[in-house]
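To start, the structure under review is shown below, and the notes come after it.
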Amino acid sequence: MAKTDIGPPNYRNFMPPVMQKNYGQWKYHEILQPGLLRHVAESGDELYTVRAGSGRLLSTDHLREICEIADKYCGGYLRFTSRHNVEFLLTDRGKVDSLLAELKSKGYPVGGTGHSITSIVHTQGWVHCHTPATDASGPVKAVMDELYEYFVTMKLPSQLRIALACCLNMCGAVHCSDIAILGIHRTVPKPDHSRVPNVCEIPTTVAACPTGAIRPDPKAKSVVINEEKCMYCGNCYTVCPALPLADAENDGISIWVGGKVSNARTAPMFSKLVIPYLPNNPPRWPETVAAVKNIVEVYARNGRKHERMGEWINRVGWERFFQLTRLEFTDKHIDDFTLAPDTYRTTTQFKWG
Ligand code: SF4
Ligand code: SF4
C-alpha cells in the first residue's frame, strides 16, 4: 500500500498495551462508582478507567497538566470521549485511589458515567466560527456549573446527553441528544453589494440556498434575497462571505429535546423543538440555564428507571411534557417546511399521560 500522510494514523497504535492485547476480547464491564469503570477481559486482564469532565477548548497549560497526570498514573495513556470527557486508563488498581485524590485536589470533576449527565459536546461559538448565532463554551460552562451534581452522581433515570451547536449547520450532535441547545438566527442575510461581485460566485451562492430564496441581480452583479422564503440557515453565508447574517439583537438560542443515538430498547430518535427562542445573555446565560435545568429536573422526577428523555416523552405524550415543564406551545412549534406533512402525527389519538 502506498505510504501517505493523508488521513488519520491507525488508532490501534495509540491504545494502551492492555487494550491492544485484549482487543475484541472483553468479557464485561462495570461502574464501580461515578467516574470509575472496570473492564475485565476474557484473559482476566483488567482495565480501570477514570472519567473526568473537560472543557472542549483547552489551553496548552491545562493539556500539559492532564498529560503529567497520565504520565504519573497511567503510563501516559489517556483518551478524550466524543463528548469531551477525559479518561485516564490504568491497569494498576492500586493507583486508582491516588489518581482520584489528585484529580480532586486539582479541581477536576470525576463522573459522567451511567445514569448521569456527561460533559456537553459543543461547537466553536464566538471563539472561532463564522456563522454562530450564539456562543458555545460560554453557555455550556454556565449550564454545566448548574448541573454539576448530575455529573458526579448517577441518580437520573438514565443517561442524559446534552449538546450545543451554535448554528443549525450543527457541528454538535444536537439532532440526537436528550437536550439540545441550538443557536438560531432570526433575520435574513444582508448582502454587501460592494463585495458580492468580488468575493462570491453568483451561481454557487444561488445554488446554496435550500429554499430557493436567492436570485441573481445581474444589474448590480449581486444577489437579491426573498425574505418570505428565507429560513435564516446561513448556508449562503458559508459560500459567500459578503452575505453576513449575524444580528446582535435577534440571534439567540432554541432548546430541543428527546434525541438519542442509542439503539437500546428503542430506535435512535431525533430531538424536537420545545423552546423556539431564548435571548443571548452572556456571560452566564441565565434564561438558557434555567430552561435546561427545569427540563432536567422534571425528567428526573418523572422518568422511569432506564428511560431516556425521548422514551419518557413518548410514554406520557408531548401534551403532558409541555404541561409538566410549564413550557408554552406556540405556532413556532409547527413545522411548515415543504416536507413537513411527513413529520406530522396523523392520528386523532391524544395522550394526557
Ligand atoms: Fe460554526 Fe454552525 Fe458549527 Fe457553530 S454549529 S461551529 S456556527 S458551523
Ligand atoms: Fe437561503 Fe439560508 Fe441564505 Fe436564507 S440564510 S437565503 S434560506 S441559504
Side-chain angles (χ1 to χ4, degrees), residues 55-58 82-84 119-143 161-177 179-193 195-196 199-217 220 222-256 259 270-271 273 276-280 282 285 288 332 335-340:
R56 174 172 174 194
L57 303 178
L58 303 176
S82 57
R83 290 191 185 251
H84 313 323
S119 292
I120 299 179
V121 62
H122 69 85
T123 51
Q124 340 295 332
W126 291 336
V127 173
H128 182 64
C129 193
H130 64 305
T131 50
T134 186
D135 191 22
S137 314
V140 161
K141 166 74 175 143
V143 168
R161 306 285 186 240
I162 304 181
L164 182 148
C166 35
C167 86
L168 47 67
N169 280 331
M170 215 278 292
C171 316
V174 284
H175 65 302
C176 61
S177 291
I179 300 180
I181 305 166
L182 174 64
I184 50 158
H185 297 286
R186 301 193 302 165
T187 46
V188 293
K190 300 165 241 4
D192 177 347
H193 297 300
R195 290 178 65 224
V196 172
V199 297
C200 306
E201 270 190 356
I202 304 294
T204 329
T205 307
V206 170
C209 180
T211 62
I214 306 177
R215 65 183 163 79
D217 177 358
S222 183
V223 292
V224 178
I225 296 181
N226 180 336
E227 297 202 8
E228 282 300 306
K229 282 188 171 176
C230 177
M231 61 170 177
Y232 328 123
C233 69
N235 255 14
C236 52
Y237 181 50
T238 301
V239 298
C240 173
L243 298 180
L245 82 164
D247 181 330
E249 294 304 317
N250 287 293
D251 290 350
I253 279 175
S254 57
I255 306 284
W256 304 61
F270 284 129
S271 329
L273 178 74
Y277 177 76
L278 294 168
N280 278 328
W285 312 85
T288 302
K332 302 286 183 297
D335 188 353
D336 61 354
F337 189 55
T338 319
L339 304 174

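As the structure lists them, so they are numbered: ligands from 1, and atoms in each ligand from 1. Hydrogens, waters and symmetry mates play no part in the numbers below; they use all other heavy atoms, side chains included.
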Where is the nearest protein heavy atom to [atom]: which residue, which atom, and how far?
| atom | answer |
| --- | --- |
| atom 3 (Fe) of ligand 2 | C236 SG, 2.3 Å |
| atom 7 (S) of ligand 2 | M231 N, 3.3 Å |
| atom 4 (Fe) of ligand 2 | C230 SG, 2.4 Å |
| atom 1 (Fe) of ligand 2 | C209 SG, 2.3 Å |
| atom 6 (S) of ligand 2 | I214 CG1, 3.7 Å |
| atom 2 (Fe) of ligand 1 | C167 SG, 2.3 Å |

Donor-acceptor contact below 3.5 Å, side chain [X] vs main chain [Y]:
| X | Y | answer |
| --- | --- | --- |
| D135 | W126 | yes |
| N280 | A133 | yes |
| T123 | C166 | yes |
| S254 | Y277 | no |

Verdict with supporting geometry, C129 and C167, disulfide bond (SG atoms under 2.5 Å apart): CA-CA 10 Å; C129 193; C167 86; over 6 Å; no

Short list, please: which atoms of ligand 2 are under 4.0 Å from a heavy atom of [X]?
| X | result |
| --- | --- |
| P210 | 8 (S) |
| P189 | 3 (Fe), 5 (S) |
| T211 | 7 (S) |
| N235 | 8 (S) |

Name of the residue among T205, N169, L243 meeting side-chain contact (heavy atoms from CB on, under 4.5 Å) with T238: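 Exactly one option meets the side-chain contact (heavy atoms from CB on, under 4.5 Å) with T238, and it is N169.
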
C171 N/O/S atom closer than 2.8 Å to atom 4 (Fe) of ligand 1: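 No - counting backbone and side chain alike, C171 has no N, O or S atom under 2.8 Å.
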
Inter-residue atom distance I181.CD1 - I120.CD1, 0.5 Å rounding: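 One finds 5.0 Å between CD1 of I181 and CD1 of I120.
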
Side chains of S222 and H193, donor plus acceptor under 3.5 Å: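 Distance-only check passes for S222 and H193.
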
T187-D247 side chain donor-acceptor pair, cut-off 3.5 Å: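 There is such a pair (donor and acceptor under 3.5 Å, judged by atom type) between the side chains of T187 and D247.
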
Atom indices of ligand 1 within 4.0 angstrom of P132 heavy atoms, with elements: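 Under 4.0 Å from P132, ligand 1 has these atoms: 7 (S).
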
Under 4.0 Å to a heavy atom of T131 - the qualifying atoms of ligand 1, by number: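 Checking each atom against T131, I get 1 (Fe), 2 (Fe), 7 (S), 8 (S).
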
